[in-house]
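Have a look at the structure below before the remarks.
All values below come from the heavy atoms of this structure, side chains included, with hydrogens, waters and symmetry mates left out. Here the structure is a predicted model, which means the values were calculated and not measured.
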Amino acid sequence: MSDFNRRLIAKAGRGPLDPRPIAPIWAEPLEQRQYTQFAGGLLGDAVRRDPVIALEDPGLARMLPIWRAACLHHAVTPLVVLIARDPRDVAADLATRFGLASEQAYLLWLAHMLAAEEFSRPMRRTVLNHDALYADWRSTITAAFASLDLAPPETQGPKAMALDHWLVAHAATPHPERRDISGDQPFEQLAMQLHGTMLRSAPEDRLDRHEWNKARATMKTALAEHAPDAAPPGPAEYPADDEPILARTREVSGTSRHVILHYHLFKNAGTSLDQTLKAHFGQAWSEREGQGAGWRSADIADYIAEHPQISVLSSHTALLPVPRIADVMVHPLIMLRHPLDRVRSIYEFERRQTKDTEGSILARGTDLAGYITWRLDRDGDRSIRNFQTLRLAQALPPTEGTELIRAMAAVSALPNVGVVEAYDASLRAFTLALAPHFPGLSLTPTRANVTQRPGLSLDDRLRELQQELGEGLYERLVEANAADLELHRFALRRYQDS
């Protein structure tokens with residue numbers, strides 16, 4: 001698996017000592033799915049031999065989206081351990097082993113740690129203090145296992161004694177000398193700041209997303225200013241692979257145009273997001289619906305190509321996958337929402353609207369329980385039955401797994417998936433991702449077309465919903481949205497502080 005991961009890094013155009021970032025989606029969609037399938041095959045073979053496996057390779061951090069999707073395909077629970085080792089020690093080791101200059105060594109540390117932190121956000125993870133591990137490995141490992149909800153490790157017996165002996169011998173081995181911070185290298189300072197953040201968070205997952213996002217933007221600016229070439233010593237790429245499934249990655253030409261595509265899922269704060277986008281882009285913002293129930297990717301691509309003045313396209317009916325257009329980079333935006341809270345919002349919206357649709361007529365003539373029962377009784381009506389899972393799953397073909405697996409893989413792969421319950425944090429993440437392509441962009445939260453009642457928390461609203469519907473209907477609604485609830489939890493993890 002480590003060898004395959006090294007080949008993936010080479011496919012992405014990076015060498016083993018190249019610190020330049022790697023985007024979550026760096027190959028053609030079909031090719032990247034092939035890589036994910038192959039990684040899943042390797043993973044499946046391993047877990048069939050042993051239900052618990054450990055992969056240890058710094059390069060995994062740079063290809064984590066592929067391994068995360070592979071885990072989903074094989075129903076494997078990925079757990080991530082981030083090692084908080086002093087960057088000065090890493091720099092000293094890299095200087096000894098590869099002759100790296102200190103600036104290049106700190107760049108490499110940042111490249112791996114920033115990727116590991118960003119790509120592991122939706123996953124269960126823990127931070128392990130490297131120095132504490134050597135000082136008292138039993139307590140450190142036990143705490144890390146507990147934070148990952150794993151059974152306590154074996155800390156006695158032959159294996160534990162062998163580890164004790166190894167640590168004693170390792171401590172006696174001369175190591176490159178750690179040098180003090182010089183204060184004149186921006187990458188060194190940034191690395192030490194992030195290392196301090198990790199030490200403050202260990203062993204529980206309480207990493208400050210804002211601080212890491214800020215560091216990621218700082219590194220990008222510093223790379224352009226201080227290391228524009230980032231020319232790494234050593235081989236430029238790994239040896240060519242001979243795996244037949246790994247087709248040659250086509251060169252991706254530079255794009256001359258960037259377009260934001262807002263997949264406006266009904267009652268998922270899309271109107272508020274559109275208002276924010278329209279305030280910035282003005283007449284370059286556009287809203288369009290396709291004919292029929294869904295607007296297919298190829299037709300969306302044609303529309304964007306035929307309207308060069310558009311910078312933002314918003315649509316309720318736009319369907320995944322993201323359209324591919326020559327010389328155009330399409331940036332998808334999608335908001336998810338707690339599915340049960342969304343149901344009440346749909347009902348209240350339908351009651352207020354003046355159009356005489358089937359739903360609005362029914363909503364005006366019955367209570368919430370009657371409306372929900374009517375929706376759930378209708379064959380093929382997915383509007384309040386795992387609706388979000390259905391829409392996200394369309395990013396991948398049905399052969400790629402169940403709806404939920406495909407929807408979770410889409411959340412992992414798509415760059416801008418927000419959550420209504422973390423609306424402000426989602427907009428900050430969107431701004432960080434999009435600002436390099438849309439200079440001056442700053443998405444400030446606004447609220448429009450809001451139907452939820454102010455002053456009530458989500459928990460309050462759910463308790464009220466349960467009381468209003470009664471135990472039986474509420475449980476039926478929960479069951480009908482089991483996949484959406486899991487998808488919502490999965491997406492929300494990247495915005496939670498714990």
Measuring centre to centre across the rings, with the benzene-like ring taken for any Trp, is Phe349 within less than 6.0 Å of Phe266? yes
Ile310 side, atom CD1; Ile260 side, atom CD1 - distance, nearest 0.5 Å: 12.5 Å
Any side-chain donor-acceptor pair under 3.5 Å between Asp459 and Ser457? no
For Arg337, does its backbone N or O pair with a side-chain atom of Arg342 as donor and acceptor, under 3.5 Å? no
Give a yes or no on whether the backbone of Ala132 and the side-chain of Asn129 come within a donor-acceptor separation of less than 3.5 Å. yes
With a 3.5 Å distance limit and no angle check, can you tell me whether Thr276 reaches the backbone of Thr444 through a side-chain donor-acceptor pair? yes
Could you tell me whether the side chain of His195 reaches within less than 4.5 Å of the side chain of Gln193, counting heavy atoms only? no
With no hydrogens and no angle check, is any side-chain donor or acceptor of Gln466 less than 3.5 Å from a backbone partner on Glu471? no
Just by distance, with hydrogens left out, do Arg125 and Ser120 show a side-chain donor and acceptor under 3.5 Å apart? yes
Taking the six-membered ring for Trp and the full ring for Phe, Tyr or His, determine whether the centres of Tyr35 and Phe4 are under 6.0 Å apart. no
Distance alone, cut at 3.5 Å: any donor-acceptor contact between the side chains of His316 and Glu289? yes
Side-chain donor-acceptor pair under 3.5 Å between Glu287 and Ser314, yes or no? no
Taking 4.0 angstrom as the limit, do Arg296 and Asp299 come out as a salt bridge? no
From CG (Asn481) to CG (Leu487), nearest 0.5 Å: 11.0 Å
Arg382 side chain vs Gln388 backbone, donor-acceptor pair below 3.5 Å: no
Applying salt bridge (Lys or Arg N to Asp or Glu O under 4.0 Å), name anything that partners Arg428, two or more places apart in sequence or on another chain. none
Could you state the interatomic distance from CG (Leu392) to CG (Asn386), rounded to the nearest 0.5 Å? 11.5 Å
In this structure, CG of Leu396 is separated from CD1 of Ile405 (nearest 0.5 Å) by 11.0 Å
Would you give the length of the straight line joining atom OG1 of Thr271 to atom NZ of Lys278, rounded to the nearest 0.5 angstrom? 11.5 Å
All heavy atoms of Arg406 vs all of Pro397, minimum pair found to be CD-O, 3.0 Å
Going by distance alone, is a donor N or O of one side chain under 3.5 Å from an acceptor N or O of the other, for His262 and Asp274? yes
Nearest 0.5 Å please: distance from the CD1 atom of Ile372 over to the CD atom of Glu468. 8.0 Å
Between the side chain of His488 and the main-chain N/O of Asp484, is any donor-acceptor distance below 3.5 Å? no
Heavy-atom neighbours of His210 NE2 exceed 12 at 6.0 Å: no
Exam field: side chain Thr126 to backbone Leu148, donor-acceptor pair closer than 3.5 Å: no
Among residues at least two apart in sequence or on other chains, which ones pass salt bridge (Lys or Arg N to Asp or Glu O under 4.0 Å) with Asp149? Arg124
Could you tell me whether Arg489 and Glu486 have a side-chain N and a carboxylate O separated by less than 4.0 Å? yes
Exercise answer: donor-acceptor pairs, residues 356-368 side-chain atoms, under 3.5 Å, sequence neighbours excluded:
unit_1: Asp356; atom_1: OD1; unit_2: Arg364; atom_2: NH2; d: 2.5
unit_1: Thr357; atom_1: OG1; unit_2: Ser360; atom_2: N; d: 3.1
unit_1: Thr357; atom_1: OG1; unit_2: Ser360; atom_2: OG; d: 3.0
unit_1: Glu358; atom_1: OE1; unit_2: Arg378; atom_2: NH1; d: 3.4
unit_1: Glu358; atom_1: OE2; unit_2: Arg378; atom_2: NH1; d: 3.2
unit_1: Ser360; atom_1: OG; unit_2: Lys355; atom_2: O; d: 2.6
unit_1: Ser360; atom_1: OG; unit_2: Thr357; atom_2: N; d: 2.9
unit_1: Ser360; atom_1: OG; unit_2: Thr357; atom_2: O; d: 3.0
unit_1: Arg364; atom_1: NH1; unit_2: Gln353; atom_2: O; d: 2.9
unit_1: Asp367; atom_1: OD1; unit_2: Ala369; atom_2: N; d: 3.4
unit_1: Asp367; atom_1: OD1; unit_2: Gly370; atom_2: N; d: 2.8

Other residues, nucleotides and ligands only: do more than 12 of their heavy atoms fall within 6.0 Å of CD on Gln283? no
Can Glu211 and Arg216 be counted as an ion pair, charged N to O under 4.0 angstrom? no
With Asp341 as partner, the option from Arg463, Lys267, Arg461 fulfilling salt bridge (Lys or Arg N to Asp or Glu O under 4.0 Å) is Arg461
So does Arg375 pair up with Glu350, basic N to acidic O under 4.0 Å? yes
Asn5 and Trp67: side chain donor to acceptor below 3.5 Å: yes
Identify the heavy atoms of Leu261 and Pro323 that sit nearest to each other, and give their distance. CD2-CD, 3.7 Å
Arg85 side chain vs His130 backbone, donor-acceptor pair below 3.5 Å: no
For Tyr423 and Met335, which heavy atoms make the closest approach, and how far apart are they? CD1-CE, 3.5 Å
Could you check whether any side-chain N or O of His338 sits under 3.5 Å from a backbone N or O of Leu340, counting only pairs where one atom can act as donor and the other as acceptor? yes
Thr197 and Arg200: side-chain donor and acceptor closer than 3.5 Å? yes
